[in-house]
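Below is one structure, written out as structure tokens, with a few remarks after it.
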Amino acid sequence: MSLDELLGSAKALVDGGFTPSCQLAVARDGDVIAFETFGAATNDNRFCCFSATKPIVASLVWRLIADGVVEVQRPVADYVDEFAANGLDAVTVEQVMLHTAGFPNASMNAVEGADPTRRRKQFTTWTLEWEPGTRFEYHAGSAHWVLVDIVERVTGDDFRDALEQRVCAPLGLPRLLGIAPGDQGDVVDEVPCGNPAAGELVELMRFNEPAVRAAGVPGGGGTLTAATMARFYQALLHNPGGLWDAAVLDDAKTNVRCRFDDPLMSVPSNRTLGLVLAGDDGLHQFRYGMFGADNSPGTFGHSGACCQVAWADPDTGVSFAFVKNGLDPDMFADAVRVLPLSNLAATL
């Protein structure tokens, strides 16, 4: 398959009215080899990547694991005092990172979550929905508020600053989480392309609010270009300057610690400490519709709401990122339209 076919397929999503704009990037050997934007945006515009943010935040935790200040087998309560009550004392850091912690629907307002005092007060209202470690259920927002609270407790730094200082700056990447209102002029607004009253869309549209963008929602508020995301995944492939401890990074890229079935997709979840692994069971294209048919079993990545895509394939050295601002609540129909892009990228 050719790069022209990939770019043409992305453009067709805009031409077909499925999204006002989209952006994609392909990288190999540490360099971005293709970066294009279609529709009502340019290469200078940044997009919200929603849950594709999660591995970026996890990569900060990997650094703290290597430093010995975070141990994933320990209870969260060893770091976060508020987890000592309401049964939460049984939850481990590993379970939080694997979405097996038992509080997938625990609520956190974005602006409150950005404030340590208000965040920790909200933690005291959380309760378990099921026994930790017994099943997988996607913790769309709750888990990563816990992770960044741990970051702040052990580093003494605001989690957004810690991410910038410990991951973004060393990789030559811009600030990705917590964008000040005055710096949001190039961020593309989300646009509903399906039923605007759908509950998920109501929540996602809040990421257009300046205060929410500034809050830096750790489970879904990453703000970046597709090229920046492709470069981040190149860094995971090559570990420039040894930013991450080699053993910790290898574990995150290869060690599937959670194989519980994903109730949404009806396939094994294949979760590492922060990433989803394609796997060799032939079901990789059903893992959130992000992996291409020809991706190797070792391909790792993470998707975001409404078909944001990011992955890297260690067999080919290719990383691929796709973002868009058209929000369709029919995630399966959306995936059918976007998955061909991953199919094409996997063959480059």
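Please read these numbers as outputs of a predicted model, since none were measured by experiment.
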Main-chain N/O of [Y] paired with [X] side-chain donor or acceptor, under 3.5 Å:
| X | Y | result |
| --- | --- | --- |
| N270 | R259 | no |
| D245 | A247 | yes |
| N45 | T42 | yes |
| S266 | L264 | no |
| R135 | G102 | no |
| D262 | S269 | no |
| T19 | C22 | no |
| R287 | V276 | no |
| H144 | V57 | no |
| D313 | N295 | no |

Starting at [atom1] of [X], measure out to [atom2] of [Y] and round the result to the nearest 0.5 Å.
| X | Y | atom1 | atom2 | result |
| --- | --- | --- | --- | --- |
| C168 | L60 | SG | CG | 9.0 Å |
| R46 | T225 | CZ | OG1 | 9.0 Å |
| L3 | I33 | CG | CD1 | 6.5 Å |
| F232 | L173 | CZ | CG | 8.0 Å |
| N109 | R119 | CG | CZ | 12.5 Å |
| E112 | W145 | CD | CH2 | 10.0 Å |

**Report entry** Test side-chain contact (heavy atoms from CB on, under 4.5 Å) applied to S303 and Q308, step by step
**Finding:** CA-CA 5 Å; S303 62; Q308 323 302 314; over 6 Å; no

Query raised in the report: side-chain contact (heavy atoms from CB on, under 4.5 Å) between V323 and F50: does it pass, once the steps are laid out?
Result: CA-CA 9 Å; V323 290; F50 296 118; over 6 Å; no

If every non-hydrogen atom of [X] is compared with every non-hydrogen atom of [Y], which pair is closest and at what distance?
| X | Y | answer |
| --- | --- | --- |
| S9 | L344 | OG-CD1, 3.4 Å |
| A52 | H302 | CB-O, 3.9 Å |
| G274 | A58 | CA-CB, 3.8 Å |
| R166 | R63 | O-NH1, 2.7 Å |
| P104 | Y138 | CB-O, 3.6 Å |
| L277 | G298 | CD1-O, 3.7 Å |

Is any side-chain heavy atom of [X] less than 4.5 Å from a side-chain heavy atom of [Y]?
| X | Y | result |
| --- | --- | --- |
| F136 | D261 | no |
| E137 | W130 | yes |
| D251 | V248 | no |
| N86 | W126 | no |
| P75 | D89 | no |
| F291 | L339 | no |
| T316 | L348 | no |
| P314 | L237 | yes |

Query raised in the report: So E152 and R160, salt bridge (Lys or Arg N to Asp or Glu O under 4.0 Å) or not? Walk me through it.
Result: CA-CA 9 Å; E152 291 193 352; R160 295 157 292 193; 5.7 Å; no

Query raised in the report: Can you tell which of L24, L176, L224 makes a side chain to side chain contact (heavy atoms under 4.5 Å, CB included) with M229?
Result: L224

Modelled atom types, side-chain donor and acceptor of [X] and [Y], under 3.5 Å:
| X | Y | result |
| --- | --- | --- |
| K54 | S51 | yes |
| D29 | Q234 | no |
| E129 | N105 | yes |
| T37 | N43 | yes |
| T272 | N255 | no |
| Q122 | S107 | yes |
| W311 | S319 | no |

**Report entry** R175/D183 under salt bridge (Lys or Arg N to Asp or Glu O under 4.0 Å): CA gap, chis, key distance, verdict
**Finding:** CA-CA 11 Å; R175 186 179 180 93; D183 294 330; over 6 Å; no

Between [X] and [Y] (salt bridge meaning N to carboxylate O under 4.0 Å), is one present in this structure?
| X | Y | result |
| --- | --- | --- |
| E82 | R120 | no |
| E94 | R271 | no |
| D330 | R337 | no |
| R231 | D31 | no |
| K121 | D115 | no |

Report task. Apply the test side-chain contact (heavy atoms from CB on, under 4.5 Å) to residues Q73 and T92: give CA-CA distance (whole Å), side-chain angles for both, the deciding distance (0.1 Å), then the verdict. Result -> CA-CA 6 Å; Q73 302 297 336; T92 67; 5.6 Å; no

Is there a path of hydrophobic side-chain contacts, each under 4.5 Å between heavy atoms of I, L, V, M, F, W or Y residues, that connects [X] with [Y]?
| X | Y | answer |
| --- | --- | --- |
| Y233 | V32 | no |
| V256 | V267 | no |
| L243 | L177 | yes |
| V187 | V212 | no |
| V188 | F322 | no |

Requested in this report: Decide if the gap between the ring center of F207 and the ring center of F47 is smaller than 6.0 angstrom.
Outcome: no

Query raised in the report: Should the heavy atoms of other residues, nucleotides or ligands under 6.0 Å from CZ of F35 be counted, would the total exceed 12?
Result: yes

Query raised in the report: Between W62 and W244, what is the ring plane arrangement, given parallel below 30°, perpendicular above 60°, and tilted in between?
Result: perpendicular

Report task. Indicate the ring-plane relationship of F123 and F83, choosing parallel, tilted or perpendicular according to the 30° and 60° boundaries. Result -> perpendicular

Query raised in the report: Does NZ or CZ of R74 fall inside the cone over Y79's six-membered ring, less than 6.0 Å from its centre and within 45° of the axis?
Result: yes

Requested in this report: Give the C-alpha distance, both sets of side-chain angles, the deciding distance and a yes or no for side-chain contact (heavy atoms from CB on, under 4.5 Å) between N343 and D294.
Outcome: CA-CA 7 Å; N343 290 339; D294 292 316; over 6 Å; no

